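The analysis underlying the following values was restricted to heavy atoms, covering all of them including side chains, and did not include hydrogens, waters or symmetry mates. Residue indices begin at 1 and follow the sequence shown. All of these numbers come straight from a predicted model, not from anything done at the bench.
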Amino acid sequence: MQKLSTLLIVLILTTAAFAVQTVFVQHNTEAQFSPGKTEQTVITSDGRITLAPPTTQIFADANDVWVINDTLQLPDGSIALATSGLGQIYRVTDTTSEILFDGSEQDIQHIFSLALDNQGRIVAGTGGNTAVLLHQQPDGSFQSLPLPLADPDDPESVINYVWDILPAPNNQLYLATGPQGQILIYNLNTQTAHVVYDAQENNILCLALDPDGFLYAGGDELGIIYRIAPTNFATTVIYDSSHSEISSLVFDSQSNLYAATADAGAARPGAQLTLDNGTQGRPETEQPAADAPNAEPEPEQPDTTNEPAAEPADPINESTITIEPIDQTVDIPSDAQPTDTNTEPESTTLAEEDLQQAPDMPVQNDTPPSTGTPQRNTYPATAPTGNEIYQISPAGFVRSVFNQPVIILDLAVDSQDNLIVATGNEAKLLRLDIPSEQAQVILHDEPSIQITSVLVAADRIYAAAANPSSVTALDPGYAATGTYTSPVIDAQQVSRWGQIQIDADIPPATSLQIATRTGNTEDPEVRAWNPWSDPQPADQPIPANATPGRFLQYRLTLDSTDQLTTPTVQQVKVAHLTPNLPPRITTIETAPVANGNPAAHNPNLAVRWQSADANNDQLTFDLAIRPIDTTAWITIAEELTEPQYTLNTLTLADGRYELKVTASDSPSNPADQALTSQRISDPITVDNTPPAVPTLEQITLNPTTIQIRTTATDAYNPIASVAYCLDSDDFQQTLPEDGIFDSLTETVTFNLTDLTPGQHFLAVRYQDTAQNTTHQNLIIQTN
């Protein structure tokens, strides 16, 4: 096998001292690859791209088929489909499609479930106002078999839905029904039915049988998983999930039970499905030999007839619950009746006292009602973050092996014990390898919305989709060709694109090619981009042939002439080089330096600016000043490394000035490639001179009253305030004659009243908006 590592050739030589360097965009995880588009390729949860399984669409575009509810392999190898719309049963092969049953004549719109009787003939469960069983006869026609009332004492309590059917011994069937939440056993020989269990929820949606004949059921409303003994139908709750709906149950070859949930509230349409759980590394899936030095002994199976089931030591991040191991196989008699769990069956269920003794497994103490309601294990209610798949081991330990914001509609197990998961939202079919914690999307059935049913028949997988309806067959191995188109890579600026480094395994009989395209708009499908380059083999250095642009996509083409072999892409690195761009000064601000006394004039001015550089270059700054309406700039600071400066305006004459900041990226670039940019501030005023006051005029109005009139003038800033103080009293503010301080010149008139005879000392304070302050004094003589 060839191990490829195509080295990237940098277009422009750079050194570590310079900021203009090659930038590498790396894709090597599922989260990084998954925004791209796969066509006959899959992305694994550990971030690898391979060819997808070969697919054949065997059914599509049937008139009046809304949803395919169930799929079943028939004895001749063809596939039966249960549909909604006209209530039809189809038989399909790779090349043919025929209707075996049309429910429109009987006003049947929905066929929800399919199974085979002991003669290999179809039995179907319907849904609607009144559910029936449809039993295929030797001539191919279907006989309608009525179901009993859910409550014999209530003529209105009909069964409306048969959600699932499982064959049972002696030509019997288990039926999961609604909306009374009953499990029935139906004898096809006598056409009679008995209630196996009457649940406290609306619907029993799914059923599964373990190798020893124990029946497992999942419900809708309470999200409970039940176990039902085959001898007397004694029922036990083996898990009470935090979800409202158990949508599917399936066993693997090791007798692990998998249960899926389908809460609508736990699914988020449009959410990115990422199968990687974020952990690092991978588990060791090969177990040590029994005689290996470090091998742990097989745990002995406990005798749980009279003892509580043991809990695993120190479970990590797993919610665990135990049930008694199953050790017998029995036939189901046709006349068996449900047994109340108050009567403990022999070696089939945990006794109530055992459940109460088990650690961390509180149970309700209410006596079960006579209908056979089992004891429930109760757990703290938690809001589900996504729908889950639980693995329940033969010993009864429960752990969540999948949690994603999708609707899980069906489960199956393939010949390798991989879990096949049918999901809604985006009609994706998943394959989960539980021991190795690996997962992948093996089918994205666009434009359908849901994959509603999945069937594994030998080594073939059938995925039935809805909205629109179709059936796709997935064969073992790999497709002959497939492509992966990357998400759009944004260099932020028009850039020169270097070569691409690809790490991939390319076995014999396979090949890997790459093409690229660039553009300057984010969406290549909406705006014109440069055309795709010619595909180039990825087993040799890839020349740089991408036209400069801000955005780039790459497209990988995987090919194989051996159906059992695929190239595997592990990592893609794309390099781009943005030419040196000038820095930018985005704003300049000035403000007086705080000095602890906001009423006092401060000649120091804080100058601050903001800068940006597209290359992330290190910048230095020069600061210059000039009087307004002149052309000559005077540099007052050079090579500043911080975007701020304190200007002492006492070094300047009063007047109006402009500041200029020059930014340079010279610390990060060669001298002949360094770039600068400049920005000029808004005009600033330097005013360190207090207002001018020519005179204070006094007018005697009467022996005890004198009027004072004064005028203050400032060259650059408006007069802000005038206050007076008589005989060392407190200063009193006064207003100008026009009632507002807003001008460079203001006249103020005020009266001094109730003066006593003799001399008085008057002080007047003047201040401009720059807090420049001056005082005038006046001696007043009264008689």
Side-chain angles (χ1 to χ4, degrees), residues 19 492-493 580-669 671 673-692 712-721 740-746 766-774:
Q492 304 298 323
Q493 294 284 345
N580 190 29
L581 300 172
R584 292 190 304 122
I585 305 296
T586 58
T587 185
I588 302 175
E589 300 175 327
T590 60
V593 175
N595 61 359
N597 183 6
H601 174 65
N602 189 342
N604 293 320
L605 189 67
V607 185
R608 298 184 180 90
W609 55 93
Q610 294 180 355
S611 62
D613 189 88
N615 306 104
N616 294 319
D617 289 341
Q618 180 181 344
L619 303 179
T620 60
F621 309 97
D622 294 347
L623 182 64
I625 193 170
R626 69 179 178 187
I628 203 165
D629 298 330
T630 64
T631 58
W633 289 97
I634 301 170
T635 301
I636 56 177
E638 293 182 301
E639 297 186 357
L640 299 172
T641 58
E642 298 296 328
Q644 60 186 10
Y645 182 79
T646 300
L647 175 64
N648 184 356
T649 62
L650 293 177
T651 62
L652 303 171
D654 287 0
R656 292 173 65 77
Y657 294 84
E658 292 175 321
L659 297 170
K660 180 178 70 173
V661 176
T662 301
S664 171
D665 61 8
S666 57
S668 298
N669 290 280
Q673 296 181 21
L675 299 174
T676 62
S677 66
Q678 300 172 331
R679 193 175 188 89
I680 298 173
S681 71
D682 295 332
I684 62 171
T685 299
V686 173
D687 182 6
N688 293 312
T689 303
T713 302
D714 194 275
Y716 296 103
N717 287 300
I719 304 300
S721 68
I740 183 171
F741 287 109
D742 59 356
S743 303
L744 297 177
T745 299
E746 296 286 0
Y766 308 85
Q767 193 173 55
D768 62 17
T769 55
Q771 288 83 43
N772 293 299
T773 305
T774 188

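Thr635 places no side-chain N or O within 3.5 Å of a backbone atom of Ala624 that could act as its donor or acceptor partner. In this structure, Ser664 contributes its side chain and Ser666 its backbone to a donor-acceptor pair below 3.5 Å. Checking side-chain atoms of Thr586 against main-chain N and O of Gln610 turns up a donor-acceptor pair under 3.5 Å. Asp654 places a side-chain N or O within donor-acceptor distance of the main-chain N or O of Asn688, the cut-off being under 3.5 Å.
No donor-acceptor contact under 3.5 angstrom links the side chains of Thr745 and Ser743, judged on distance only. In this structure, a donor-acceptor pair under 3.5 Å is present between the side chains of Thr662 and Gln678. Donor-acceptor pairing under 3.5 Å is lacking for the side chains of Asn615 and Asp665. Donor-acceptor pairing under 3.5 Å is recorded for the side chains of Thr685 and Arg656. Counted by atom type alone, Ser668 and Gln618 present zero donor-acceptor pairs between their side chains at under 3.5 Å.
Proximity of Asp742 to Pro718: side-chain heavy atoms (C-beta onward) are nowhere separated by under 4.5 Å. Within the 4.5 Å cutoff, the side chain of Ile719 has heavy atoms near those of the Asp714 side chain. Within the 4.5 Å cutoff, side-chain heavy atoms of Tyr645 are placed close to those of Ile636. Considering only heavy atoms from C-beta on, Thr649 stays 4.5 Å or farther from Asn604 through its side chain. Residues Val661 and Arg679 form no side-chain contact, since every pair of their non-hydrogen atoms from C-beta on lies 4.5 Å or further apart. Taking the side chain as every heavy atom from C-beta outward, Thr590 and Trp609 never approach each other to under 4.5 Å. Within the 4.5 Å cutoff, the side chain of Asn580 has heavy atoms near those of the Asp617 side chain. The side-chain heavy atoms of Leu659 and Val607, taken from C-beta on, include a pair separated by under 4.5 Å.
Nearest heavy-atom pair across Pro691 and Tyr766 is CD-O, 4.3 Å. For His601 against Ala770, the heavy-atom pair with the smallest separation is ND1-O, 2.6 Å. Heavy-atom minimum distance, Ile585 versus Ala663: CD1-CB, 3.4 Å. In plain terms, the two heavy atoms of Pro667 and Thr620 that are nearest each other are CG-CG2, 3.6 Å. In terms of heavy-atom proximity, Pro603 sits nearest to Leu650 at CB-CG, 3.5 Å.
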**Study point:** Worked verdict on Asn772 versus Asn717 for side-chain hydrogen bond (donor to acceptor under 3.5 Å, both in side chains)
**Key:** CA-CA 9 Å; Asn772 293 299; Asn717 287 300; over 6 Å; no
Practice item. Check the pair Gln771 / Asn602 against side-chain contact (heavy atoms from CB on, under 4.5 Å), numbers first and verdict last. Key: CA-CA 8 Å; Gln771 288 83 43; Asn602 189 342; over 6 Å; no
Exercise for review: For side-chain hydrogen bond (donor to acceptor under 3.5 Å, both in side chains), just list the numbers for Thr773 and Gln767, CA-CA rounded to whole Å, side-chain angles, deciding distance to a tenth of an Å, and then say yes or no.
Suggested key: CA-CA 4 Å; Thr773 305; Gln767 193 173 55; 2.9 Å; yes
Practice item. Tell me, with the steps shown, if Leu605 and Thr646 meet side-chain contact (heavy atoms from CB on, under 4.5 Å). Key: CA-CA 6 Å; Leu605 189 67; Thr646 300; over 6 Å; no
Exercise for review: Apply side-chain contact (heavy atoms from CB on, under 4.5 Å) to Tyr657 and Leu652, showing your working.
Suggested key: CA-CA 10 Å; Tyr657 294 84; Leu652 303 171; 3.8 Å; yes
**Study point:** salt bridge (charged side-chain N to carboxylate O under 4.0 Å, His left out) evaluation trace for Arg626 with Glu658
**Key:** CA-CA 6 Å; Arg626 69 179 178 187; Glu658 292 175 321; 3.0 Å; yes
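Ser681 OG to Lys660 NZ: the interatomic distance, rounded to the nearest 0.5 Å, is 11.5 Å. Between Ile684 atom CD1 and Leu647 atom CG the span is 6.0 Å, to the nearest 0.5 Å. Here OG1 of Thr769 is found 12.0 Å from CZ of Phe741. Values are rounded to the nearest 0.5 Å.
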